[in-house]
Amino acid sequence: MPLSLYNSLTRRKEPFTPLSPGEVKMYCCGVTAYDYCHLGHARSYIVWDTVRRYLMWRGYQVRYVQNFTDIDDKILNRARQENSTMQTVADRYTQAYFEDMARLNILEADVYTYATQTLDGIQRLIRELEQKGIAYPANGDVYYAVRKFDGYGKLSGRKLEDMQAGASGRVTTDATDGSIKRDPFDFALWKGAKPGEPFWESPWGPGRPGWHIECSAMVREQFGNTIDIHVGGADLIFPHHENEIAQSEAATGHPLSRYWLHNGMVNVGGEKMSKSLGNFTTIRALLDAPDGPDPMALRLFVLQAQYRKPIDFTDAAIASAKNSWHTLQEGLRFGYTSGAALGWTDVDNPDFGNAGAMRIDRTSATVQAFEATMDDDFNTPGAIAILFDLAKELRRARNLIVHEGQADVSPEQLRQDWQTLVCLAQVLGLEAQPETASTTSALTDAAIEELIAQRQAARQAKNFAEGDRIRDELQAQGITLIDKPGGVTEWHR
RNA sequence: GGCGACAUAGCCAAGUGGUAAGGCAGAGGUCUGCAAAACCUCCAUUCCCCGGUUCGAAUCCGGGUGUCGCCUCCA
């Protein structure tokens, strides 16, 4: 069964066939580096990271390019506020971006592009558009004449006439924004620098590029005329991606991208999370909160909804994701917690638990079901349900081993299940680290046994308060006690 | 006003013609001094509403209602 994905350009699901067999050229619109990333950004990059991972799992060689917009009015405003420079501000938030994404287990792009490093390509593109009569200079600015491009509106499904007619109340103010545009929908390719603003020299005078042109130039520089998949937030469809298409296709005469994928928004109380509404939570604020979720729980929160649908960010949703992650995590740690008890001989191997080193049966019913689900436009909620089946099976086995001494499934079968879980989870970017010493206790086994004996004595003396105190003390150090019939107390870390 | 989505249990969420996955929360039972952990079991006769097509619809068609996004920077 082929991988099919929903193409915003055609507004339907289509089978995926790349330009060159086995290779995928993928471009993702990145952030404007003027502030810390919020959960909307988190969702977008988690989703595209997952798509990329799945394509790789499916055997495609993926070349993934993402940009940083480091020239922009908002960065400029920020720099002015702090009496700093655009570059300083952009560098700071670019660095923060890398930190946040690493925590969310988002793979680094093959190439990161920066507006400040693409000036030549940008100017070349603008010049071509100018030569073709599609761009026109005006007072140091350069604008794109949208009416010169027949396909304008094909991605967002709108017509200039409709926008003009309907937008009467909102765009009329355009008439006062200088009136140097020939049409209110024309957009800036180049902005002339006002006194005191940073600038780059150009054939049209000193200035800086408009926002949309950088992506067109970057894609062309990195990939050529046409790529396979162009992704970004749904809020970029218009005008950003529409304008990218207009710029690139008018210049090259070729389709910019064969498939356009867009992720749904993160909502708060039913409204889009955004800077302008002020209802945003940054990734780091959420993760660093006293009772904040594990980054993997956040990842799970995002992937438990289909990527095109809106998701509502609420405390309850995060709490649910935390608990869900706990279950998955237990399953993922199965090899570390129970492998030795099952007689697995390679638990001390450096590669033990490493998905990349595992061999699993890709024809198994479980893997086939996972692929069939993911093939349907990256149905991660369905895929996660499969992960839960495996994780619960493993958790059950682990508990049987802890409580009864042995599981009711063969070590070989458990090995296969565990490896399948680890590998499939990794495709979704969900990974659990083995419990480290810091999360468990520094107590020696002997010390623990001694405390348990003390508790046993207290309980026999009906001094339950003391007994419970010892139990709580051990629990606080990550030691769980299990009182079994017959006065026997077992424990595990 | 234009364009586009979506509406499934207390909450989140799959499922696009064959009789409702999964997660969270909750309930009961076993066990316990009480717990915890664990194990077992239960938890939508029904998919926003009204019509229609069909042997059969959450799924298709028509109409309605509601919510959201985009039309300005936005992941």
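Remember, it's a predicted structure, so these values are computed and weren't measured experimentally. Values reported hereafter were calculated over all heavy atoms of this structure, with side chains retained and with hydrogens, waters and symmetry mates removed. The chains referred to below are lettered A, B, ... by the order of the sequence lines, with proteins before strands, and numbering in each begins at 1.
Nucleic acid contact for A/Tyr45: sugar-phosphate only, since backbone atoms but no base atoms lie under 4.0 Å from a heavy atom of the residue. Across all strands, A/Phe238 comes closer than 4.0 Å only to sugar-phosphate atoms, never to a base (heavy-atom distances). Backbone-only contact: A/Gly232 has heavy atoms under 4.0 Å from sugar-phosphate atoms and none from a base. Using a 4.0 Å heavy-atom cutoff across all strands shown, A/Ile384 reaches no nucleic acid atom at all. The residue A/Asn263 sits close to a base: some heavy atom pair falls under 4.0 Å. No contact: A/Asp312 has no heavy atom under 4.0 Å from any strand. When heavy atoms are screened at a 4.0 angstrom cut-off, A/Arg43 is found touching no nucleic acid atom at all. Using a 4.0 Å heavy-atom criterion, one finds that A/Gly467 contacts no nucleic acid atom at all. The residue A/Arg469 sits apart from the nucleic acid: no heavy atom pair falls under 4.0 Å. Residue A/Val266 is in base contact, counting any heavy-atom pair closer than 4.0 Å across all strands shown. No contact: A/His262 has no heavy atom under 4.0 Å from any strand. When heavy atoms are screened at a 4.0 angstrom cut-off, A/Thr373 is found touching no nucleic acid atom at all.
Note: A/Phe16 and A/Tyr259 meet the aromatic proximity criterion, with ring centroids under 6.0 Å apart. A distance below 6.0 Å separates the ring centres of A/His262 and A/His241. Annotation: A/Trp48 is in aromatic contact with A/Tyr307 [ring centroid separation under 6.0 Å]. Between A/Phe68 and A/Phe98, the gap from one ring centroid to the other is short of 6.0 Å.
Where A/Ala321 and A/Thr314 each meet RNA chain B at their nearest nucleotide, the meeting point lying more 5' is that of A/Thr314. Each of A/Ala465 and A/Ala385 was matched to the nucleotide of RNA chain B holding its nearest heavy atom; the match closer to the 5' end belongs to A/Ala385.
Looking at A/Arg78 and A/Tyr93, their side chains do bring a donor and an acceptor atom within 3.5 Å of each other. Checked by atom type, the side-chain pair A/Asn379/A/Gln306 shows no donor-acceptor distance below 3.5 Å. Under the 3.5 Å distance criterion, with hydrogens and angles disregarded, no donor-acceptor pair is assigned to the side chains of A/Tyr143 and A/Asp183.
Set against B/C34, B/C70, B/U72, the side chain of A/Phe185 has B/U72 as its closest nucleotide. Listed nucleotides: B/G33, B/C71, B/A75. Nearest to the side chain of A/Phe464: B/G33. Of the candidates B/C24, B/U72, B/A75, B/C24 carries the atom nearest the A/Asn323 side chain, counting heavy atoms from C-beta on. For A/Asn399, counting side-chain heavy atoms from C-beta on, the closest listed nucleotide (B/A5, B/C39, B/G15) is B/C39. If you check B/G23, B/C40, B/A13 against the side chain of A/Ile311, the one that comes closest is B/A13. Considering only the side chain of A/Gln304, B/G23 comes nearest among B/G23, B/G15, B/A75. Nearest nucleotide to the A/Phe388 side chain, out of B/G15, B/G23, B/A75: B/G23. Closest to the side chain of A/Lys392, out of B/C40, B/C24, B/A75, is B/C24. Side chain of A/Pro239, nearest nucleotide from B/A38, B/C34, B/U72: B/U72.
In this structure, A/Lys322 places its NZ atom 16 Å from C1' of B/C11, rounding to the nearest Å.
In this structure, A/Ser257 contributes its side chain and A/Trp260 its backbone to no donor-acceptor pair below 3.5 Å. Put simply, the side chain of A/Glu249 gets close to the backbone of A/Leu256: a donor and an acceptor are under 3.5 Å apart. Between the side chain of A/Ser364 and the main chain of A/Val367, a donor-acceptor pair closer than 3.5 Å is present.
With A/Thr489 as the partner, the side chain to side chain donor-acceptor pair (under 3.5 Å) test is satisfied by one option alone out of A/Gln456, A/Arg471, A/Glu449: A/Gln456.
Using N1 to N3 plus N6-O4 or O6-N4 for Watson-Crick, or N1-O2 and O6-N3 for G-U wobble, each under 3.5 Å, B/A21 pairs with nothing. Under the Watson-Crick and G-U wobble criteria, each requiring two contacts below 3.5 Å, nucleotide B/C42 is paired to B/G26. With both pairing distances under 3.5 Å, B/C60 is matched to B/G52 as a Watson-Crick or G-U wobble pair. In this structure B/C68 sits in a base pair with B/G4, meeting the Watson-Crick or G-U test at under 3.5 Å. Pairing partner, B/U16: none, since no Watson-Crick or wobble contact has both distances short of 3.5 Å. Figure legend. B/C31 is base-paired to no nucleotide; pairs are counted as Watson-Crick or G-U wobble with both atom distances under 3.5 Å.
An OP1 or OP2 oxygen of B/U32 is reached within less than 4.0 angstrom by no side-chain nitrogen or oxygen of A/Arg459.
Listed by residue number, the members of residues 104-116 of chain A with any heavy atom below 4.0 angstrom from RNA chain B form an empty set. Near-neighbour residues of RNA chain B inside residues 276-286 of chain A, defined by a heavy atom below 4.0 Å, are absent.
A salt bridge is defined here as a Lys NZ or Arg NE, NH1 or NH2 lying under 4.0 Å from an Asp or Glu carboxylate O, and A/Lys181 with A/Asp141 fails to meet this definition.
Within 3.5 Å, a donor on the side chain of A/Arg471 pairs with an acceptor on the base of B/A35, or the reverse. For B/C6, its base never sits under 3.5 Å from the side chain of A/Lys309 at any donor and acceptor pair. Contact of A/Asn463 with B/G33 (side chain to base): no donor-acceptor pair of N or O atoms is detected under 3.5 Å.
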- Query: What's the verdict on side-chain contact (heavy atoms from CB on, under 4.5 Å) for A/Ser274 and A/Phe280, showing C-alpha distance, side-chain angles and the deciding distance?
  - Reply: CA-CA 6 Å; A/Ser274 72; A/Phe280 61 93; over 6 Å; no
Listed pairs, N/O of protein and of nucleotides 66-68 of chain B, under 3.5 Å:
unit_1, atom_1, unit_2, atom_2, d
B/C68, O3', A/Gly270, O, 3.4

